[in-house]
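Heads up, the thing below is written out as structure tokens.
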Amino acid sequence: MAVQHARLQAWVDDTVALCTPARVHWCDGSEAEYRQLCDLLVSQGTFQAVPARPGSFVCRTHPSDVARIEDRTFICTTDPDDAGPTNRWADPVAMKATLRQRFAGAMAGRTLYVVPFCMGPIGSPLARLGVEITDSPYVAVSMRIMTRMGAAALAALGSDGTFVPCLHSVGAPLGPGRPDVPWPCATELSDKFIVHFPEDPSIWSYGSGYGGNALLGKKCFALRIASHLARDEGWMAEHMLILALTPPAGAASRSTTRYFAAAFPSACGKTNLAMLRPTLPGWTVRCIGDDIAWMRQGADGALHAINPEAGFFGVAPGTSEESNPNAMATIRRNTIFTNVATTPDGDVWWEGMTADPPAQLTDWQGRDWKPGAGRPAAHPNARFTAPLDQCPVIDPRFADPAGVPISAIVFGGRRPRTIPLVNEARSWAHGIFLGATAGSETTAATIGTAGVLRRDPFAMLPFCGYHMGDYFAHWLEMGRRLGAQAPRIFFVNWFRKDASGAYLWPGFGENIRVLKWMCDRLDGRDVAEDTAVGHLPRPGSIDTSGLDIDPAVMAELCAVDAEGWLREITLIAESFSALEPRVPKSLRSLLSELKHSFGVGSQRREAAP
Ligand code: OXD
Ligand code: MN
């Protein structure tokens with residue numbers, strides 16, 4: 001490919017000199033190139049074809065390289081306060097010196113791939129360009145699925161276009177006595193670095209080949225770097241799905257499609273909600289994105305969203321014909337499966353895909369596996385990588401360069417207690433309070449203990465590229481700009497449990513009932529009660545027709561649990577203290593009001609309803 005862009009060529013030349021690869025390959029993004037790279041990965045033992053799914057491959061990683069590594073993820077700003085207490089900060093000059101040492105000779109014996117990519121539809125005013133240099137063909141093929149990658153992105157760069165340089169190496173150079181392995185990576189945690197320089201902006205990632213650590217368009221660019229750019233430029237880069245919701249034809253005052261954006265922490269069901277198959281007749285949900293939304297005020301004054309990605313990198317375990325039939329249809333072909341189990345008849349399997357596991361499997365580490373083995377067959381963070389346009393319910397506007405206008409923003413988390421099934425914020429500021437105080441039990445999407453409650457404001461804890469207190473202020477500022485056109489804000493919790501640990505709410509396709517209640521609110525129907533914590537559903541206002549659920553359970557799901565809120569208030573206050581002095585005053589006032597409603601800090605200890 002002829003490269004017209006002198007700065008890009010100079011960066012590639014400098015990187016070649018530093019990393020000393022054996023070859024350089026500029027990716028054109030063609031189908032032929034994709035096939036060649038997949039063939040190469042098969043010949044290297046990294047990929048194995050999945051005969052049951054045309055054009056699909058399975059890949060097993062090194063056991064040290066199975067998830068995002070938050071402990072080795074850094075934000076390098078001149079002033080540590082700009083990164084804030086929720087990020088790992090490192091000095092940019094010292095970190096670059098460390099990284100230059102790591103990258104020196106890091107690609108010896110390997111091919112250096114230059115991967116131009118566009119986040120968002122090419123030509124969209126909301127889109128941004130990047131170039132990833134990587135020594136991993138797995139990354140190159142995954143980037144072709146996850147982004148608009150290759151010649152078109154390079155052409156969009158022209159001779160002087162702005163791009164975010166993203167440098168990646170698996171950190172396992174080849175040389176005498178160092179034969180290649182199917183999944184090369186740095187095997188010690190301390191040898192892995194996922195580093196962001198928002199002031200450049202640039203990204204350097206070393207030592208991991210996995211997902212969000214290595215496909216640098218996703219978490220590194222589209223969230224951490226983009227959130228920083230968005231703050232400076234007056235837009236929003238969010239960890240959100242985007243869906244289109246259409247009520248039954250002819251329903252009074254509700255015939256139009258509305259677009260919702262929803263933020264949930266990693267592995268809390270964003271993909272399931274984004275392509276939900278409604279159980280209520282006549283309702284339709286279509287998918288625009290399942291992980292990231294970039295949003296900007298349009299000329300019409302409304303908040304418009306695009307999905308900057310072109311594919312799904314979804315969590316496989318738990319995905320089934322029951323939980324997400326549309327995802328199952330999406331991954332019937334042209335899909336890369338990572339760390340799943342394989343069946344003797346040439347298919348893939350993971351926990352939750354079928355009620356009973358097959359009698360014999362090869363597990364994610366390539367070992368024989370039988371039911372009762374005492375360990376999962378698929379890694380809990382096993383993933384599928386598949387093109388967005390293979391989703392049977394992809395929305396026709398998924399690549400609309402102008403984005404889609406957002407009517408409602410939904411936050412959520414995995415909370416076994418206290419947090420109601422659905423709650424509507426009283427105002428934009430109250431919605432920001434709900435987002436800022438979101439918490440969730442941790443999942444396998446990151447290395448660390450799963451099932452521990454942690455505050456995850458806006459589901460952005462691992463992804464906000466600057467000080468979280470400033471991020472809250474940016475949301476408040478966006479509300480001021482949007483004025484009356486600001487979307488309404490809701491908070492949902494599908495994960496309430498009873499004393500025996502069973503889920504109270506059926507979830508999945510039944511979540512349409514909650515989306516319907518939100519539409520009722522948007523349509524101005526009188527279906528909510530104003531309580532100390534927000535607008536909760538009036539008894540009977542959530543449509544449970546055809547659902548076998550005890551009204552007492554519905555009441556519990558929509559009640560204010562005073563004891564639980566007292567505990568919650570203490571935790572919220574602690575999380576705000578950690579961000580001081582940058583918590584906006586209006587959020588502090590909302591916390592005081594909440595305390596006051598529950599009698600905290602006053603003589604009276606009875607709780608308000
Ligand atoms: C993801 C994550 O992979 O949030 O989307 O971890
Ligand atoms: Mn995510």
Output the distance between atom SG (Cys268) and atom CG (Leu273), rounded to the nearest 0.5 Å. 12.0 Å

For residues 370-377, run the donor-acceptor check on the side chains, cut-off 3.5 Å, and write out each pair with its distance to 0.1 Å, sequence neighbours left out.
unit_1	atom_1	unit_2	atom_2	d
Lys370	NZ	Gln360	OE1	2.7
Arg375	NE	Asp363	OD2	3.1
Arg375	NH2	Asp363	OD2	3.0
Arg375	NH2	Asp368	O	3.1

Output all residues satisfying salt bridge (charged side-chain N to carboxylate O under 4.0 Å, His left out) with Lys218, sequence neighbours left out; order by chain, then residue number. Asp291, Glu309

Whether Asp456 side chain and Ser440 backbone form a donor-acceptor pair below 3.5 Å: no

Should Arg415 and Glu568 count as side-chain neighbours, where that means a heavy-atom distance under 4.5 Å? yes

Only pairs at least two apart or in different chains count here, so list each salt bridge (charged side-chain N to carboxylate O under 4.0 Å, His left out) that has a residue in residues 44-59. Arg53-Asp347

Is there a side-chain contact between Cys27 and Glu33 in this structure, where contact means two heavy atoms from C-beta onward sitting under 4.5 Å apart? yes

From CA spacing to verdict: side-chain hydrogen bond (donor to acceptor under 3.5 Å, both in side chains), Asp65, Ser208: CA-CA 6 Å; Asp65 210 25; Ser208 167; 2.7 Å; yes

Using modelled atom types only, decide if a donor and an acceptor are shared between the side chain of Glu441 and the backbone of Arg414 within a distance under 3.5 Å. no

Side-chain donor-acceptor pairs of residues 382-389 under 3.5 Å, sequence neighbours excluded:
unit_1	atom_1	unit_2	atom_2	d
Arg383	NE	Asn381	OD1	3.0
Arg383	NH1	Phe313	O	2.9
Arg383	NH2	Asn381	OD1	2.9

Contacts of type salt bridge (charged side-chain N to carboxylate O under 4.0 Å, His left out), residue Arg148, not counting sequence neighbours: none

Do side-chain atoms of Asn326 reach the backbone of Cys391 as a donor and acceptor pair under 3.5 angstrom? no

In Å, rounded to the nearest 0.5 Å, how long is the span from CG of Leu40 to CZ of Phe47? 10.0 Å

With no hydrogens and no angle check, just 3.5 Å: does a side-chain donor-acceptor pair link Asn339 and Trp350? no

Within the structure provided, determine whether Met240 and Met460 are in side-chain contact (heavy-atom separation under 4.5 Å). no

dist Trp294:CH2 -> Ile306:CD1 (nearest 0.5 Å) comes out at 6.0 Å

Contact between Phe260 and Leu515 at the side-chain level, heavy atoms closer than 4.5 Å - yes or no? yes

Residues which pass side chain to side chain contact (heavy atoms under 4.5 Å, CB included) with Arg23, listed by chain and number, not counting sequence neighbours: Thr111

Intermediate values then yes/no, side-chain contact (heavy atoms from CB on, under 4.5 Å), Leu216 and Met143: CA-CA 9 Å; Leu216 301 184; Met143 287 293 283; 5.8 Å; no

Spacing of CZ belonging to Phe74 relative to OG belonging to Ser205, to within rounding of 0.5 Å: 11.5 Å

Any donor-acceptor pair under 3.5 Å from Glu351 side chain to Ala378 backbone: yes

Sequence neighbours excluded, the answer for side chain to side chain contact (heavy atoms under 4.5 Å, CB included) partners of Ala108 is Thr20, Pro173

Going by ring pair (Phe, Tyr, Trp, His ring centres under 6.0 Å), His379 matches just one of Phe337, Tyr210, Trp364. Which one? Trp364

Mind running side-chain contact (heavy atoms from CB on, under 4.5 Å) on Thr98 and Phe193 for me, showing each step along the way? CA-CA 10 Å; Thr98 303; Phe193 294 83; 4.2 Å; yes

Go through the structure and list residues passing side chain to side chain contact (heavy atoms under 4.5 Å, CB included) with Gln36, not counting sequence neighbours. none

I'd like to know if the side chain of His196 reaches the main chain of Pro198, judged simply by a donor and an acceptor atom lying under 3.5 Å from each other, with no hydrogens or angles considered. no

Without swapping roles, check the side chain of Asp135 against the backbone of Val170 for a donor-acceptor pair under 3.5 Å. yes

Measuring from atom CZ of Arg102 to atom NZ of Lys192, what distance do you get when rounded to the nearest 0.5 angstrom? 12.0 Å

For Glu70, the salt bridge (charged side-chain N to carboxylate O under 4.0 Å, His left out) test, sequence neighbours excluded, returns Arg68, Arg454

Identify which one of Asn324, Thr319, Asp290 satisfies the side-chain hydrogen bond (donor to acceptor under 3.5 Å, both in side chains) criterion when paired with Asn272. Asn324

If we only count heavy atoms from C-beta on, is the Leu421 to Asn493 side-chain gap below 4.5 Å? no

Please list all pairs passing the salt bridge (charged side-chain N to carboxylate O under 4.0 Å, His left out) test where one or both residues lie in residues 37-51, with sequence neighbours left out. none

Under a 3.5 Å distance rule, please check whether Trp505 uses its side chain to pair with a backbone N or O of Arg496 as donor and acceptor. no

Nearest heavy atoms of Leu276 and Phe508, plus distance in Å: CD1-O, 3.3 Å

For the residue pair Trp183 and Tyr138, categorise the inter-ring angle as parallel (less than 30°), tilted (30 to 60°) or perpendicular (more than 60°). perpendicular

For Phe197 and Trp204, take the angle between the two ring planes, folded into 0 to 90°, and tell me which bin it lands in: parallel under 30, tilted 30 to 60, perpendicular over 60. perpendicular

Looking at Ser56 and Asn334, would you say the former's side chain and the latter's main chain have a donor-acceptor pair under 3.5 Å? yes

SG (Cys220) and CG (Asn213) are apart, to the nearest 0.5 Å, by 7.0 Å

Is there side-chain contact between Phe398 and Cys287, with heavy atoms separated by less than 4.5 Å? no

Student check: side-chain heavy atoms of Ser136 and His168 closer than 4.5 Å: yes

Row check, Phe463 ring normal vs Lys219 NZ/CZ: under 6.0 Å, within 45°: yes

Under 3.5 Å, is there a donor-acceptor pair between the side chain of Arg110 and the main chain of Ala172? yes

Parallel, tilted or perpendicular: ring planes of Trp349 versus Trp369, cut at 30 and 60 degrees: tilted

Output, in order, the C-alpha distance, side-chain angles, deciding distance and verdict of salt bridge (Lys or Arg N to Asp or Glu O under 4.0 Å) for Arg144 and Glu31. CA-CA 9 Å; Arg144 182 171 185 270; Glu31 176 72 32; 3.7 Å; yes

Any non-hydrogen side-chain atom of Leu571 less than 4.5 Å from a side-chain atom of Leu453? yes

Could you list the residues that satisfy salt bridge (charged side-chain N to carboxylate O under 4.0 Å, His left out) with Arg72, not counting sequence neighbours? none

Check whether any side-chain N or O of Gln390 sits under 3.5 Å from a backbone N or O of Arg333 as a donor-acceptor pair, and report yes or no. yes

Side chain to side chain contact (heavy atoms under 4.5 Å, CB included) partners for Thr86, two or more places apart: Leu461, Met468, Leu579

Arg100 CZ: over 12 foreign heavy atoms closer than 6.0 Å: no

